[in-house]
Amino acid sequence: MARLNAALLLSAAALMVLPPASAMAQAATADEAEQKEADAEAEADVSGAASGATVLQRITVGGQSAKDKAYKTPAAVTSLDAVDVERFGQNSVGDLLRTVPGVFTESNTRSPALSVNIRGMQDFGRNAVTIDGARQNLQVSGHGSNGWVFVDPNLLVGIDVQRGIVSSAQGSGVIGGAVDFRTIGVDDVVQPGRQWGAMTKTTWGDNGFGRSGMAAAGVRLNEDFGFAGAISGRKSSDYTDAWGFPVAGTGQELSSGLLKLNANPGEDQKLDLGAVLYRNDWTVGATDMEADVNTFTAAYSFTPVGNDLIDLRINAYHNDAGFEQLFGPSHISRNTLVEYKDKGTGGSIANTSRFDLGQAQLAVEYGGEYYFDAVRTTASSTVGGTPDGAYGGLTPAGDRGVGGVFSKSTLSLGRFDLIGALRYDAYTLTGSGYNTFPGGLIPVGPFSVDNSEGKLTGKGTLAFTPLEGIQIYGSWGTGFRPPAITETLMAGIHPGNMSFLRFRPNPFLKPEVSTGWEVGANLSFDGLLFADDRLRVKASYFDNEVEDYITSVWSIAGGINFTYMNTADPARLKGFELEANYDLGYVFAGLAYTNTDIRLAPPAPTFGLTLTPPKEVWTATAGLRLFDERLTLGGRVRFVSESEVFNVLGTITPNPEYRLYDAFLNLQVSENVSAFLTAENITNEGYLVAKDNSFQYGSGRTIMGGFTTKF
């Protein structure tokens with residue numbers, strides 16, 4: 001820890017004293033006319049969703065909606081809003097994320113545990129997955145993914161996705177990308193100029209969907225203080241597939257809630273406090289599952305008017321995640337209760353200074369972040385020879401801290417933006433265990449680990465705007481991902497007296513280092529063919545290599561032995577991403593397309609990650625708005641090409657391609673009440689989804705509908 005702290009302090013001093021010539025901050029400085037136009041657009045009810053959804057209430061960032069800002073950012077970013085969540089995220093947030101180019105999920109349509117894959121990178125912190133900025137680092141190793149996040153769709157108001165190297169806050173230890181789930185806040189409940197507000201959502205569905213509901217209320221005591229709270233619940237049963245057979249383990253019993261507080265402690269200051277509480281119960285085979293995740297956040301900002309040197313943001317969080325497995329009498333681990341706990345604490349501090357250089361504008365952001373995870377795993381029995389309180393095996397206990405300092409800047413000159421970033425990241429990992437089996441990297445007996453390492457990485461981007469509404473860019477960057485606790489400390493045998501399946505630790509793992517480039521273009525036109533139409537297009541091509549990629553390998557020596565190792569050959573990830581939206585008011589259409597070539601080394605991990613993302617995924621949406629836009633109706637087509645699933649010994653099994661058809665409807669009954677209806681898989685197509693080293697039949701035709709109110 002001392003080495004890590006010393007490195008961070010030295011790097012912080014260097015970055016804050018030296019001129020930030022290679023640093024960046026996305027300079028979103030627009031001239032006065034452009035800003036007024038953006039502000040006017042932000043007040044209108046328009047459409048620009050990646051899914052073609054109608055944006056009834058736009059989220060604005062710096063005078064622009066989050067979606068519009070994405071189409072003017074020279075990076076692979078996408079923003080979804082509350083309408084997208086309502087229209088396509090009721091069944092599963094994973095279904096909604098799969099409509100984002102470059103993003104896939106391993107979760108089944110009804111599984112509450114979500115594992116996010118960005119450009120082929122998944123699990124063990126390769127992606128930063130956050131709820132209101134708080135990292136979700138729970139990892140439970142088994143026959144499926146190793147990184148889980150739990151989120152209630154009823155509490156979501158938006159999702160922000162960044163693909164590729166993250167060069168500012170949330171970038172420490174990340175090589176794939178970042179996903180932030182935004183939950184209900186005071187401004188979502190209490191309308192501008194109002195003192196109080198309330199909103200509800202009630203949904204019913206067939207085919208096991210059951211019912212779900214949410215109620216929220218908020219109060220603004222004055223212009224400097226407000227708070228809001230929400231409660232939500234859902235009870236679902238097992239769904240049936242296209243042939244009418246029930247699919248076991250797809251029901252859930254969810255309860256969640258949140259509390260948000262906004263305060264203005266002084267002039268030009270803002271303080272946001274939040275708590276999001278989540279609990280879910282479900283059953284997989286003979287195993288009862290329970291997840292409890294409590295997330296607490298604090299965000300402070302200080303932006304004095306007329307001072308371009310200070311734009312300060314301080315964020316802190318604590319995430320208390322727990323997961324339990326109770327193996328029933330018919331399971332190989334008979335009557336064993338296993339508990340996993342990850343207490344994660346972290347935060348970041350950043351400031352942006354802006355300089356007017358005459359013909360040029362310079363924005364410099366600098367700061368640092370740190371997060372720490374304390375993982376504990378215990379078992380209540382000795383089934384399979386695993387001693388009580390030291391389950392170890394698949395998900396060992398340990399501590400890991402990751403932190404970094406960064407500086408990034410944008411120099412804007414005419415039609416050019418030159419963006420540079422520099423960061424130093426480091427980590428510490430401590431833990432202990434007992435290596436039972438000879439022939440591994442360490443001798444038989446007790447072992448302890450105290451590892452630390454750091455690395456300097458950077459990213460550079462050049463963006464060019466040849467004509468108004470057209471932006472092209474190219475970037476190159478490197479990233480750093482330290483080994484995880486499980487990858488380093490995994491030791492023991494498979495639960496359930498399966499002594500022939502062994503796990504050996506590897507305290508000598510090297511961090512993964514990603515290097516790659518990307519080229520892309522953004523198109524943003526208003527009034528292109530008609531006076532009121534809008535066209536938004538975002539396209540990118542990327543090519544990345546990951547040196548020292550970490551995967552599990554197996555050997556046979558007195559049994560089947562698994563060890564996490566650095567691969568000799570780099571993993572190669574490249575692909576093309578496209579999202580396009582056209583909106584003419586009464587008619588709209590959207591397309592999201594991904595074509596990737598993911599070559600992990602070896603072809604895929606033989607234990608843990610089970611799914612290589614499909615080569616091709618596309619979603620096409622089209623719809624109409626009728627009766628002064630009070631009625632919106634449309635359809636969607638989802639296509640997923642053949643993918644590959646790997647069992648624990650590396651056997652490859654292809655998963656056939658499939659195409660699903662959906663329909664949706666929204667009716668604004670009155671100013672405060674709206675009704676919605678969604679039909680998924682309306683042709684009752686039979687298909688398979690990857691699940692725990694195998695396949696699971698997808699849901700058959702499902703119809704969901706309900707009401708939302710807002711007062």
Side-chain angles (χ1 to χ4, degrees), residues 44-49 51-59 65-67 79-93 95-96 151-159 181-192 194 196-206 209-219 228-236 254-260 276 588 621 623-634 636 662-680 702-711:
D45 292 339
V46 294
S47 171
S51 59
T54 305
V55 184
L56 299 178
Q57 181 180 352
R58 295 170 66 95
I59 299 170
S65 73
K67 290 187 173 182
S79 183
L80 305 175
D81 65 12
V83 176
D84 298 320
V85 176
E86 178 183 285
R87 182 170 293 167
F88 297 129
Q90 294 292 317
N91 221 353
S92 167
V93 177
D95 282 349
L96 181 58
V151 60
D152 184 353
N154 278 338
L155 300 182
L156 282 183
V157 294
I159 306 173
F181 297 97
R182 292 182 276 110
T183 63
I184 294 171
V186 177
D187 292 339
D188 299 299
V189 182
V190 184
Q191 295 297 303
R194 304 291 185 175
W196 65 273
M199 56 190 296
T200 67
K201 178 190 295 185
T202 306
T203 308
W204 297 271
D206 67 353
F209 179 89
R211 64 185 186 275
S212 75
M214 183 275 296
V219 175
I231 57 174
S232 174
R234 176 178 176 180
K235 188 171 184 178
S236 302
L254 165 65
S255 59
S256 67
L258 59 75
L259 182 65
K260 298 291 183 70
V276 180
F588 59 88
T621 307
L624 298 171
R625 301 187 187 98
L626 306 173
F627 307 114
D628 294 327
E629 301 189 7
R630 298 177 64 88
L631 174 64
T632 302
L633 52 89
R636 179 179 70 163
D662 310 319
F664 57 87
L665 175 150
N666 182 278
L667 175 64
Q668 195 70 36
V669 180
S670 67
E671 182 181 357
N672 298 323
V673 180
S674 64
F676 60 89
L677 183 68
T678 302
E680 295 185 347
T702 305
I703 299 175
M704 298 159 289
F707 296 89
T708 63
T709 64
K710 196 164 188 176
F711 299 96

For a 4.5 angstrom cut-off between non-hydrogen side-chain atoms, does T709 reach N672?
no
When rounded to the nearest 0.5 angstrom, what is the spacing between CE in M199 and CD1 in I184?
5.0 Å
Do L155 and F181 make a side-chain contact, defined as non-hydrogen atoms from C-beta onward lying under 4.5 Å apart?
no
Grab the two heavy atoms, one from G218 and one from V189, that are nearest each other, plus how far apart they are.
N-CG1, 3.4 Å
Where is the tightest heavy-atom contact between A216 and A230, given as atom of each residue plus distance?
CB-CB, 3.7 Å
Spatial distance of atom CD (Q668) from atom CG (L631) [nearest 0.5 Å]
11.0 Å
Distance in Å, N154 CG paired with R234 CZ, rounded so as to fall on 0.5 Å steps:
8.5 Å
Approximate separation, where rounding is to 0.5 Å, of T702 OG1 and Q90 CD
13.0 Å
CG of L667 to CG of L626, rounded to nearest 0.5 Å, is 10.5 Å
Spacing of L96 atom CG and R87 atom CZ [to the nearest 0.5 Å]
11.5 Å
Residue pair V157 / V85, side-chain heavy-atom distance below 4.5 Å:
no
If we ignore hydrogens and angles and just use 3.5 Å, is the side chain of S236 paired with the main-chain N or O of F209 as donor and acceptor?
yes
Does the N666 side chain pair with the main chain of T632, one donor and one acceptor, at a distance under 3.5 Å?
no
In this structure, are over 12 heavy atoms from other groups packed under 6.0 Å from L665 atom CG?
yes
Stepwise side-chain contact (heavy atoms from CB on, under 4.5 Å) test for V93 and I159:
CA-CA 10 Å; V93 177; I159 306 173; 4.0 Å; yes
Is R182 paired with D188 through a side-chain N to carboxylate O contact shorter than 4.0 Å?
no
Correct closest heavy-atom pair for D152 and S256 would be OD2-OG, 2.5 Å
Between A679 and I703 the two heavy atoms that sit nearest each other are CB-CG1, 4.2 Å
Hey, is the main chain of R630 close enough, under 3.5 Å, to the side chain of R625 for a donor-acceptor pair?
no
Is it true that the side chains of S232 and K201 contain a donor and an acceptor less than 3.5 Å apart?
no
